[in-house]
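Scroll down for the structure; my scribbles are underneath it.
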Amino acid sequence: MELDSVECVSSSDGLDEDEIQPHSLHHPSHPHLHNRHQFSSSKPHNANGGNNGSIVGPTAIAPATSVHELLECPVCTNSMYPPIHQCHNGHTLCSTCKTRVHNRCPTCRQELGDIRCLALEKVAESLELPCKYYSLGCPEIFPYYSKLKHEAMCNFRPYNCPYAGSECSVTGEIPFLVSHLRDDHKVDMHTGCSFNHRYVKSNPREVENATWMLTVFHCFGQYFCLHFEAFQLGMAPVYMAFLRFMGDEAEARNYSYSLEVGANGRKLTWEGTPRSVRDSHRKVRDSHDGLIIQRNMALFFSGGDRKELKLRVTGRIWKEQQNPDGGVCIPNLCS
């Protein structure tokens, strides 16, 4: 799909339509440990400037080595979980990396065999660690073996970049990602909770899996991503518009939105709850959670000789408010 042939004209909250230029797609520990047994991670002072003695073996805690460092795989640098393997010389590594190094110790190049470091596994069981997102505000502390499960779903974990045109690896908090979208991906930014977009393409027969447009809206003190794209649904080309909320799923449920497309006395409408950007763009798209327009219908709405796509998509965002008297939600519309 030639993205340069796409034109989008938008207006927000009654403002005059202003042109949105199409753009090309771009492809940018916490140290504390809690444990049931007290381990020293600081180096003892020696007046002679040397060590108090040599320590040999994988589970001995060297004076200048923290427990956390002992549990770090030397290959992938991730924390090790059972089974923890070791070579005959006591060097350890995780089970995932054992196959990657072809059963050879990455430190001394000796054959690894099938020796488990049971002592270090027991040490890990005794530890309680803060969530790795402690610096972002998570106060939770977990046993070592429960930490990974929590971190995968932690509400304080950074958000992935919501830009759908490439596998962008940037992560961060919402304000940072908003700036990243504006400055690095050149995404159009609008203030207001209603919109009026026109999507134009000179050759609608050329459809491939690609995003056409991403626009960010700021309203109710929050940010929303409006996606519009063309892709193949089975053998049929379709166009789809949907909204994502830049925040967690629980907060996204406080908002609703509607989309409408039509012409010649006909229209299609969609109303729903925006999905959180915690759900990837592909996951939302593939679940068909949005306004889907078949190509024949889109060309009918475009009018003329049906050789050019001209779709006008309008919509609005509102916040659901709890009625203290009736216990039901009432919409809080943006003025």
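For the numbers below, each heavy atom of this structure counts, side chains included, while hydrogens, waters and symmetry mates do not.
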Subject >> Separation of Leu118 CG from Gln86 CD (nearest 0.5 Å) >> reply: 8.5 Å
Original post:
How about Phe228 and Leu311: do any of their side-chain heavy atoms sit closer than 4.5 Å?
Top reply: yes
Subject >> Within one Ile-Leu-Val-Met-Phe-Trp-Tyr cluster: Val261 and Met297, side-chain cutoff 4.5 Å >> reply: yes
**OP:** Please report the closest heavy-atom contact between Thr99 and Thr96, naming both atoms and the distance.
**Re:** OG1-O, 3.0 Å
**OP:** Treating Ile, Leu, Val, Met, Phe, Trp and Tyr as nodes and any side-chain heavy-atom pair under 4.5 angstrom as an edge, say whether Leu268 and Leu309 lie in one connected cluster.
**Re:** yes
**OP:** Would you give the length of the straight line joining atom NZ of Lys98 to atom CG of Asn103, rounded to the nearest 0.5 angstrom?
**Re:** 4.0 Å
Subject >> Same apolar cluster (I L V M F W Y, side chains within < 4.5 Å links), Tyr133/Tyr159 >> reply: no
Original post:
If you round to the nearest 0.5 Å, how far is CG of Leu129 from OG of Ser79?
Top reply: 7.5 Å
**OP:** Tell me whether the guanidinium CZ or amine NZ of Arg285 lies under 6.0 angstrom from the six-membered ring centre of Phe231 and within 45° of its axis.
**Re:** yes
Original post:
Hey, is the main chain of Trp318 close enough, under 3.5 Å, to the side chain of Ser256 for a donor-acceptor pair?
Top reply: no
Original post:
For the hydrophobic clusters of this structure (ILVMFWY residues joined by side-chain heavy atoms under 4.5 Å, transitively), does one cluster hold both Leu214 and Met189?
Top reply: yes
Original post:
Does Arg278 use its side chain to pair, donor to acceptor, with the backbone of Asn155 at less than 3.5 Å?
Top reply: yes
Original post:
When you check the side-chain N and O atoms of His185 and His180, is any donor under 3.5 Å from an acceptor?
Top reply: yes
Subject >> Heavy-atom closest contact (Pro162 atom, Leu177 atom, distance) >> reply: CD-CD1, 4.4 Å
**OP:** Evaluate side-chain contact (heavy atoms from CB on, under 4.5 Å) for Phe195 paired with His190, printing each intermediate quantity in order.
**Re:** CA-CA 9 Å; Phe195 43 88; His190 292 272; over 6 Å; no
**OP:** With sequence neighbours excluded, tell me which residues meet ring pair (Phe, Tyr, Trp, His ring centres under 6.0 Å) with Phe142.
**Re:** His150
Subject >> Check: Ser302 side chain, Lys310 main-chain N or O, donor-acceptor pair, under 3.5 Å >> reply: yes
**OP:** Step through it carefully: locate the ring centre of Tyr163, locate the ring centre of His227, and say whether they are under 6.0 Å apart.
**Re:** no
**OP:** Quick one: pull up CD in Gln294 and OH in Tyr239 and give me the separation to the nearest 0.5 Å.
**Re:** 10.5 Å
Original post:
Cut-off 3.5 Å, side chains only: do Glu111 and His88 have a donor facing an acceptor?
Top reply: no
Original post:
Can you say whether the rings of Tyr199 and His197 are parallel (under 30°), tilted (30 to 60°) or perpendicular (over 60°)?
Top reply: parallel
Original post:
How about Asp183: does its CG atom have over 12 heavy atoms from other parts shown lying under 6.0 Å from it?
Top reply: yes
Original post:
Can you name the residues that form a side-chain hydrogen bond (donor to acceptor under 3.5 Å, both in side chains) with Gln222, not counting sequence neighbours?
Top reply: Glu251
Original post:
Rounded to the nearest 0.5 Å, how far apart are SG of Cys225 and CZ of Phe242?
Top reply: 9.5 Å
**OP:** Taking all non-hydrogen atoms of both residues into account, name the closest pair between Phe300 and Ala263 and its distance.
**Re:** CE2-O, 4.4 Å
**OP:** Evaluate side-chain contact (heavy atoms from CB on, under 4.5 Å) for Leu259 paired with Thr269, printing each intermediate quantity in order.
**Re:** CA-CA 6 Å; Leu259 297 172; Thr269 60; over 6 Å; no
Subject >> Where Arg244 and Asp279 come nearest, the two heavy atoms and their spacing >> reply: NH1-O, 2.8 Å
**OP:** Evaluate the side-chain contact (heavy atoms from CB on, under 4.5 Å) criterion for residues Glu260 and Arg312: first the C-alpha distance (whole Å), next the side-chain angles of each, then the deciding distance (0.1 Å), finally the verdict.
**Re:** CA-CA 8 Å; Glu260 181 177 305; Arg312 184 177 299 278; over 6 Å; no
Original post:
Ser287 and Arg275: side-chain donor and acceptor closer than 3.5 Å?
Top reply: yes
**OP:** Please state whether the rings of Tyr255 and Phe224 are parallel, tilted or perpendicular, taking 30° and 60° as the class boundaries.
**Re:** perpendicular
Original post:
Would Phe217 and Tyr223 count as a close aromatic pair, with their ring centres under 6.0 Å?
Top reply: no
Original post:
Are any non-hydrogen side-chain atoms of Cys161 and Leu181 less than 4.5 angstrom apart?
Top reply: yes
Subject >> Test ring-ring contact (aromatic ring centres under 6.0 Å, His included) applied to Tyr144 and Tyr81, step by step >> reply: CA-CA 9 Å; Tyr144 185 80; Tyr81 292 83; 4.8 Å; yes
Subject >> Any donor-acceptor pair under 3.5 Å from Glu151 side chain to Lys132 backbone >> reply: yes
Original post:
Rounded to the nearest 0.5 Å, how far does OH of Tyr257 lie from CD of Glu271?
Top reply: 10.0 Å
Original post:
Same hydrophobic cluster for Leu136 and Met246, using side-chain heavy-atom links shorter than 4.5 Å among ILVMFWY?
Top reply: no
Subject >> Closest heavy-atom pair and its distance - Thr314, Asn196 >> reply: CG2-OD1, 3.6 Å
Subject >> Option from Glu72, Met80, His85, Arg100 for which side chain to side chain contact (heavy atoms under 4.5 Å, CB included) with Cys94 holds >> reply: Met80
Original post:
Is a side-chain donor or acceptor of Glu121 paired with a backbone partner of Ile84 at a separation under 3.5 angstrom?
Top reply: yes
Subject >> Cys154 backbone acceptor or donor facing Arg157 side chain under 3.5 Å >> reply: yes
**OP:** Looking only at non-hydrogen atoms, find the nearest pair between Cys117 and Thr92 and report the distance.
**Re:** SG-CG2, 4.1 Å
**OP:** Please go through Val101's hydrophobic cluster and name the other residues, only I, L, V, M, F, W, Y counting, with side-chain heavy atoms under 4.5 Å joining them.
**Re:** Val75, Leu93, Leu112
**OP:** Without swapping roles, check the side chain of Lys147 against the backbone of Glu128 for a donor-acceptor pair under 3.5 Å.
**Re:** no
Original post:
side-chain contact (heavy atoms from CB on, under 4.5 Å) between Phe245 and Thr273: does it pass, once the steps are laid out?
Top reply: CA-CA 9 Å; Phe245 173 74; Thr273 301; over 6 Å; no
